[in-house]
2 protein chains.
Amino acid sequence: MICLTAIPVAHPRSAFHMNEKPNLQRCPDPQTKCKECPIRTMTLFRDVSENDLVWMQEFRDTQYLLPDREILFQEGETAHTLYTLFDGWLILFKTLDNGKRRIMRFLLPGDFFGFQVDGIGPASGYMHSSQALMESTLCAFPVTRFRSMMQKQPQLTARLAEMEMHDMNLCQNHLIDAARNSARQHIAFLLLELFHRVRRQIRSGYDGKTNSIVFPLTREDIGDAIGLTSHHVNRILQEMEREGLILCQKKRLSILNEKAFMEIGQFEPGMILPKHLI
Amino acid sequence: MICLTAIPVAHPRSAFHMNEKPNLQRCPDPQTKCKECPIRTMTLFRDVSENDLVWMQEFRDTQYLLPDREILFQEGETAHTLYTLFDGWLILFKTLDNGKRRIMRFLLPGDFFGFQVDGIGPASGYMHSSQALMESTLCAFPVTRFRSMMQKQPQLTARLAEMEMHDMNLCQNHLIDAARNSARQHIAFLLLELFHRVRRQIRSGYDGKTNSIVFPLTREDIGDAIGLTSHHVNRILQEMEREGLILCQKKRLSILNEKAFMEIGQFEPGMILPKHLI
DNA sequence: CGTAAATTTGAGGTGCATCAATTAAAGTGG
DNA sequence: CCACTTTAATTGATGCACCTCAAATTTACG
């Protein structure tokens with residue numbers, strides 16, 4: 001459990017610029033062009049035609065680098081910027097009244113975030129806080145240009161709805177998992193979901209030889225995602241390692257007995273496949 | 001906890017028609033016209049112009065009446081029809097491997113559902129089962145006409161994304177609530193969410209005199225929505241009644257001490273307000 | 001090489017599930 | 001309108017999974 005006590009003061013709106021974010025640095029040139037983007041098929045802009053990508057590029061601000069464990073924005077902060085995660089791994093979380101932290105979403109490359117806001121108009125605030133689980137690269141889009149971008153490219157709306165449905169699906173899966181009762185199930189389910197999501201990535205941290213992925217979560221992160229203490233998470237992980245099911249150490253996760261593990265977590269790969277509008 | 005053992009055989013696709021649903025009866029004429037619909041501002045079709053409503057009406061199948069506690073469709077069943085709830089109260093739920101039931105969404109008038117499907121194309125199946133908590137009226141839209149309807153009315157896509165965001169928000173709130181620890185909190189939160197949602201309805205079952213709403217959930221329903229046994233739900237409800245917080249009996253819910261109750265449930269009305277695309 | 005962060009281990013308490021019945025309420029048909 | 005049946009609500013006893021508090025140990029990192 002992590003308690004964030006010092007909530008930073010919101011930036012005065014007029015004076016806000018990206019470069020005021022102390023821990024966010026502009027990526028050095030040359031930055032990745034949208035039309036050369038290696039992960040575009042996984043992003044909001046999948047369906048944009050080659051031609052349109054040229055001017056679409058204008059909507060993007062720049063690519064930024066966010067260091068490991070650094071916070072990108074805080075819940076409630078005025079939402080000036082929307083993001084596509086280009087490379088790395090982020091979390092969206094909320095801090096509860098009792099000080100506990102709840103991780104709501106894990107963001108992997110291609111994920112679009114920051115548009116779920118509270119309130120209407122230019123003063124609307126982010127719904128979650130976001131933090132890097134490893135050094136990450138972000139493509140930033142100023143909110144001010146977003147609406148006109150959506151209007152000029154109507155298919156973006158459909159794609160957004162589709163991506164929203166996918167996130168909704170993941171969220172519902174977690175709700176279902178929450179209805180089960182054992183810590184073993186919760187942990188197995190979460191690890192499997194993340195494992196399969198990473199493996200689906202175009203440039204994934206997946207290693208087929210050891211059936212393992214890059215896995216930067218601490219036991220506390222795992223606990224805050226499923227509602228357990230880091231202590232108990234640790235005990236169960238050890239138990240699972242002793243049983244030869246997995247190996248979860250040094251920022252790497254190997255699944256040694258995938259079949260048995262999926263049985264425990266009641267997980268099926270189809271659960272996290274992209275959903276489509278009818 | 002409810003165990004559904006007898007999963008009905010799926011209808012052969014070609015032979016399926018609405019009227020094969022044994023418990024679904026066509027509403028007697030005259031049926032409500034879209035352009036005279038009293039709840040249209042709460043539906044997917046809020047932004048459709050008066051002119052367009054005439055031909056929009058053509059897309060709709062008919063209005064159907066679903067009796068109390070009757071099942072509308074089962075998870076996995078081929079999704080031929082999308083619905084707007086016109087009047088009544090439904091639940092969307094999933095039946096877990098261990099036999100338990102998890103209620104995923106409570107549907108109130110205006111809610112659009114049935115479009116979250118598994119798979120692609122005409123063979124895709126519903127993601128949840130749906131059941132009436134009271135006699136309900138439904139507006140049915142054949143899937144086959146839906147895509148062309150969306151194309152002719154692009155603003156429907158934006159509205160759909162917006163409604164999806166709202167549902168996502170509710171779903172996330174439940175996830176947050178699941179991270180809290182006491183049954184008191186879970187129950188208070190759920191009751192308050194439903195109470196406020198009903199009160200926001202145009203034709204609500206709200207009675208200002210007793211600060212009460214129509215509330216058809218059994219203790220089992222409540223338990224299946226938040227992951228408790230009906231026994232324990234009952235104990236907590238009694239406790240709350242003894243403390244003069246609420247009254248939850250005979251299909252009615254009164255909130256007697258709203259301030260204290262909101263404190264317990266860590267609920268704020270803003271949590272369930274509609275969200276907007278930036 | 002020193003300090004902070006993360007992991008690990010242990011003991012003890014409790015909230016909620018489980019099992020087992022009883023009672024009350026709501027339909028249903030004669 | 002009353003017997004009958006079904007469903008929902010209620011009550012109690014027992015056990016365990018997981019939390020809490022407390023501290024030691026290891027790992028990461030400047």
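Chain letters run A, B, ... following the sequence lines, proteins first and then strands; every chain starts at 1.
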- Message: Taking only side-chain N and O atoms of B:T229, does any of them lie within less than 4.0 angstrom of OP1 or OP2 on C:dA17?
- Response: yes
- Is a salt bridge present between A:D221 and A:K251, judged by a nitrogen-to-oxygen distance below 4.0 Å? no
- Write down the distance between CD (B:Q238) and C1' (D:dT11), rounded to a whole number of angstrom. 8 Å
- Message: Classify the ring geometry of B:W89 against B:F215: parallel below 30°, tilted from 30° to 60°, perpendicular beyond 60°.
- Response: perpendicular
- Message: In this structure, how many angstroms lie between the P atom of D:dC19 and the CG atom of A:D224, rounded?
- Response: 11 Å
- Euclidean distance, atom CG of residue A:L228 to atom C1' of D:dC19 [Å, nearest integer]: 10 Å
- Quick one: B:I226 CD1 to C:dG15 C1', roughly how many Å, whole number? 14 Å
- Side-chain N or O of A:Q249 closer than 4.0 Å to phosphate OP1/OP2 of C:dT7: no
- Mapping A:H231 and A:R184 onto DNA chain D by nearest heavy atom, which one lands closer to the 5' end? A:R184
- Tell me which of B:D68 and B:H232 sits closer to the 5' end of DNA chain C, going by the nucleotide each one is nearest to. B:H232
- Message: Rounding to an integer number of Å, can you tell me how far B:N181 CG sits from C:dG15 P?
- Response: 10 Å
- B:R235 side-chain N/O to D:dT11 phosphate OP1/OP2 under 4.0 Å: no
- Query: Rounded to the nearest Å, what distance is computed from the NE2 atom of residue A:H186 to the C1' atom of nucleotide D:dC18?
  - Reply: 10 Å
- Item | Ring centroid separation A:F267 to A:H196 under 6.0 Å | yes
- Taking 4.0 angstrom as the limit, do B:R102 and A:D177 come out as a salt bridge? no
- Message: From CZ of B:R180 over to C1' of D:dC19, roughly how many Å is that when rounded to an integer?
- Response: 18 Å
- Message: Judged by each residue's nearest nucleotide on DNA chain D, which is more toward the 5′ side, A:V233 or A:K250?
- Response: A:V233
- Task: Hey, which sits more toward the 5' end of DNA chain C by its nearest nucleotide, B:S182 or A:R219?
- Result: A:R219
